[in-house]
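I have placed the structure first, in the form of structure tokens, so that the comments after it can refer back to it.
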Amino acid sequence: MSRPSILHLLNQAEPNTIVTARGWVRTRRGNKAVSFIALNDGSTIHNLQVVVDYAKINEEDIKAIGTGACLKVTGLLVESPAAGQRVELQATEIEIYGLADETFPMQKKGHTLEFLREQAHLRFRTNTFGAVFRVRHALAFAIHKYYNDNGYIYLHTPIITGSDAEGAGAMFRVTTFEPNAAPVTDGVVDFSQDFFGRSTHLTVSGQLEGELGAMALGKVYTFGPTFRAEQSNTSRHLAEFWMIEPEVAFNDLEDNMNLAEDFLKYLVNYALEHCKDDLEFLNKQYDTTLIERLQFVLANDFQRLTYTEAIEILKATKHKFEFAVDWSTDLQSEHERYLVEQHFGRPVILTDYPKDIKAFYMRLNDDGKTVRAMDVLFPGIGEIIGGSQREERYDQLVARMDAMGVPTDELWWYLDTRKFGTAPHAGFGLGFERLVLFVTGMTNIRDVIPFPRFPQNASF
Ligand code: ATP
Ligand code: MN
């Protein structure tokens with residue numbers, strides 16, 4: 001039996017046919033003769049209006065139905081006299097799957113996002129989170145489509161990693177030892193007795209393994225969860241987030257920038273084309289410049305400049321920053337956003353950062369001071385992508401690792417790619433939630449992932 005979604009009923013189903021709709025009640029209002037029930041099943045931001053005529057259905061039978069209840073409604077789909085909807089449903093039969101009493105937390109409209117974060121198990125039932133998670137889905141699908149259509153291989157890199165030298169942030173340990181019963185030899189925990197016979201962690205990035213794939217499959221990408229045990233309680237950081245990491249053999253930094261820009265524009269365009277109703281809702285509800293901003297990103301080239309040029313701009317401005325800027329210091333979010341939002345007024349790609357503030361695997365420039373790094377900076381977000389052309393020369397790579405205290409013996413497998421048939425290559429990491437933030441116009445990263453993980457929060 002086919003079960004038409006409310007999206008289908010609203011947009012496509014033939015009027016004057018008998019249909020069945022299932023969904024959750026958003027509101028019920030009415031008068032002595034009829035009730036109007038707004039029904040939503042998550043397939044669209046729009047509700048199906050169900051008209052309950054007490055001449056056909058006993059008022060007593062639906063008296064208990066309030067916001068949050070779940071119903072199966074059968075009736076005649078008719079053209080709607082009301083503005084803004086093609087059809088409505090004249091109920092002839094209502095089955096109540098589940099009632100929701102007045103303690104249902106989403107009873108009223110207009111809850112704050114903070115309140116809804118505490119009701120994360122039920123917040124899917126709101127217009128806002130319905131819209132956000134439909135957009136999130138569309139973007140995830142578009143990512144796979146983009147890479148598939150461009151000849152990339154989706155590579156599944158491990159979530160549990162034996163290397164703690166990925167160089168991208170603090171890691172969570174993975175162990176089967178009980179906290180108080182770990183075997184100790186000479187005063188240190190003996191991980192040779194642990195599940196994997198060694199110390200293991202949750203991955204912070206799939207890049208190093210991605211490079212192994214690229215050095216054989218040519219064009220690969222990963223799209224999976226990554227974990228960082230940072231105490232960064234910000235609106236742009238999660239302890240568990242999803243990352244997309246393309247890695248491409250024979251690409252240089254220029255190719256890498258072109259890929260990043262083309263990819264981001266493709267995704268923004270995909271959302272504008274496929275999530276129109278949801279984006280219009282978010283545009284109206286939260287940020288009336290959202291759609292304009294998305295269109296602006298599509299229409300304009302990203303501004304490309306070096307880190308050194310950016311430092312000169314930041315030093316020359318009269319704008320007051322909390323943190324001082326100086327060549328060789330990492331840029332803070334406030335600096336990134338100044339460049340994007342005030343100075344250039346468009347997305348920015350910064351390249352050629354000082355080697356000391358970037359990871360060991362980035363290709364050293366001939367100046368000996370900077371590396372072929374690139375960060376893509378977006379309005380309202382700051383860094384959305386971090387990437388680089390990789391150091392493919394064995395000797396230079398080992399020298400960088402030694403200088404930075406990265407253990408070459410542990411990463412022997414990574415170094416093997418440089419020993420056997422090395423090749424220029426480049427890649428980057430796009431933080432999926434930062435992309436969803438940008439496209440939905442939400443301002444807190446905890447609102448664009450279904451179950452956010454951050455310090456002191458992992459209750460369900
Ligand atoms: P930031 O400086 O913003 O903390 P980063 O330089 O540590 O980020 P990278 O290691 O370059 O981040 O990771 C690649 C991308 O992953 C970033 O550009 C960003 O979009 C995203 N990202 C990084 N850390 C987080 C996090 N804790 N939560 C959500 N997304 C993140
Ligand atoms: Mn980065």
Side-chain angles (χ1 to χ4, degrees), residues 136 139 143 157 161 165-172 202-208 210-211 221-247 253 256-257 259-261 263-264 267 302 307 310 323 329-337 339-340 347-362 371-390 426-440 442-455 457-458:
R136 184 181 163 108
L139 288 170
I143 285 161
T157 50
T161 173
E166 289 170 358
M171 300 178 97
F172 290 101
L202 293 178
T203 187
V204 292
S205 153
Q207 180 202 315
L208 301 189
E211 287 187 52
Y221 72 105
T222 73
F223 185 177
T226 50
F227 306 86
R228 299 198 184 171
E230 304 161 316
Q231 287 297 333
S232 34
N233 251 312
T234 77
S235 57
R236 300 175 310 113
H237 289 89
L238 291 162
E240 176 179 303
F241 65 99
W242 289 66
M243 188 143 62
I244 301 96
E245 295 178 278
E247 192 69 39
L253 190 67
N256 208 32
M257 287 192 275
L259 174 64
E261 183 165 346
F263 176 47
L264 287 168
L267 297 175
F302 295 4
Y307 166 91
F323 295 91
T329 58
D330 211 355
L331 295 183
Q332 301 290 328
S333 176
E334 57 171 342
H335 308 130
E336 297 174 343
R337 292 184 58 176
L339 291 169
V340 172
V348 168
I349 309 182
L350 290 188
T351 62
D352 302 289
Y353 283 72
K355 65 177 197 277
D356 295 331
I357 58 171
K358 288 293 182 185
F360 69 90
Y361 48 70
M362 299 190 179
V371 288
R372 305 243 80 193
M374 60 166 226
D375 279 7
V376 181
L377 315 178
F378 257 38
I381 307 282
E383 181 187 331
I384 193 164
I385 278 179
S388 65
Q389 183 175 335
R390 315 308 187 189
F428 59 78
L430 166 66
F432 186 49
E433 285 73 21
R434 293 207 187 156
L435 171 74
V436 182
L437 266 183
F438 179 72
V439 173
T440 59
M442 302 300 280
T443 52
N444 192 317
I445 200 163
R446 297 170 188 180
D447 294 333
V448 298
I449 187 165
F451 303 100
R453 298 290 180 256
F454 51 91
N457 188 82

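In each ligand, atom 1 is the first atom listed, and ligand 1 is the first ligand listed.
At a 3.5 angstrom cut-off on N or O pairs, I384 counts as close to ligand 1. The distance criterion of under 3.5 Å between nitrogen or oxygen atoms is met by L238 with respect to ligand 1. For ligand 1, the polar-atom distance check finds no N/O of S232 at less than 3.5 Å from any of the ligand's N/O atoms. For the pair L430 and ligand 1, the shortest N or O to N or O distance does not fall below 3.5 Å.
No donor-acceptor distance shorter than 3.5 angstrom exists from the side chain of E433 to the backbone of I445, with no hydrogens or angles considered. R453 places no side-chain N or O within donor-acceptor distance of the main-chain N or O of A458, the cut-off being under 3.5 Å.
Under the 4.0 angstrom criterion for non-hydrogen atoms, E433 is not in contact with ligand 1. The closest approach between any non-hydrogen atom of T226 and ligand 1 is not below 4.0 Å.
Screening D375, D352, D330 for a side-chain hydrogen bond (donor to acceptor under 3.5 Å, both in side chains) involving K358 leaves a single residue, D375.
Looking at every heavy atom in both residues, L253 comes nearest to Q389 through N-OE1, 3.0 Å. Closest approach of A260 to M374, counting heavy atoms only: CB-CE, 3.8 Å.
Across the listed options G429, S205, A359, G429 owns the non-hydrogen atom lying nearest to atom 15 (C) of ligand 1. Looking at F438, F227, F241 and measuring to atom 25 (C) of ligand 1, the nearest heavy atom belongs to F241.
Taking the side chain as every heavy atom from C-beta outward, S333 and R236 approach each other to under 4.5 Å. Residues L339 and L350 are in side-chain contact: their nearest non-hydrogen atoms beyond the backbone lie under 4.5 Å apart. Side-chain contact between M442 and L437: present, with at least one pair of heavy atoms (C-beta onward) separated by less than 4.5 Å.
Every atom of ligand 1 is numbered from 1 in the order shown, and the set under 4.0 Å from a heavy atom of E230 is 27 (N). Listed by number with element, the atoms of ligand 1 under 4.0 Å from a non-hydrogen atom of M243 are 13 (O), 14 (C), 15 (C), 16 (O). Ligand-side atoms of ligand 1 in range of I445: 29 (C), range being under 4.0 angstrom from any heavy atom. Near H237, meaning under 4.0 Å from any of its heavy atoms, are these atoms of ligand 1: 1 (P), 3 (O), 4 (O), 26 (C), 27 (N), 28 (N). Close approach of ligand 1 to I385 (heavy-atom distance below 4.0 Å) involves ligand atoms 18 (O).
Between F428 and F263, the ring planes lie tilted relative to each other; the angle falls in the 30° to 60° range.
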- Message: With side chain to side chain donor-acceptor pair (under 3.5 Å) as the criterion, how do Q207 and Y361 come out once you've worked through the C-alpha distance, each side chain's angles and the decisive distance to 0.1 Å?
- Response: CA-CA 10 Å; Q207 180 202 315; Y361 48 70; 3.1 Å; yes
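Checked against ring pair (Phe, Tyr, Trp, His ring centres under 6.0 Å), F227 has no partners two or more places apart in sequence or in another chain.
Taking the six-membered ring wherever Trp is involved, the centroid distance between the rings of F302 and F378 falls below 6.0 Å.
Only protein N, O or S atoms were considered, and those under 2.8 Å from the Mn ion (ligand 2) are E383 OE2.
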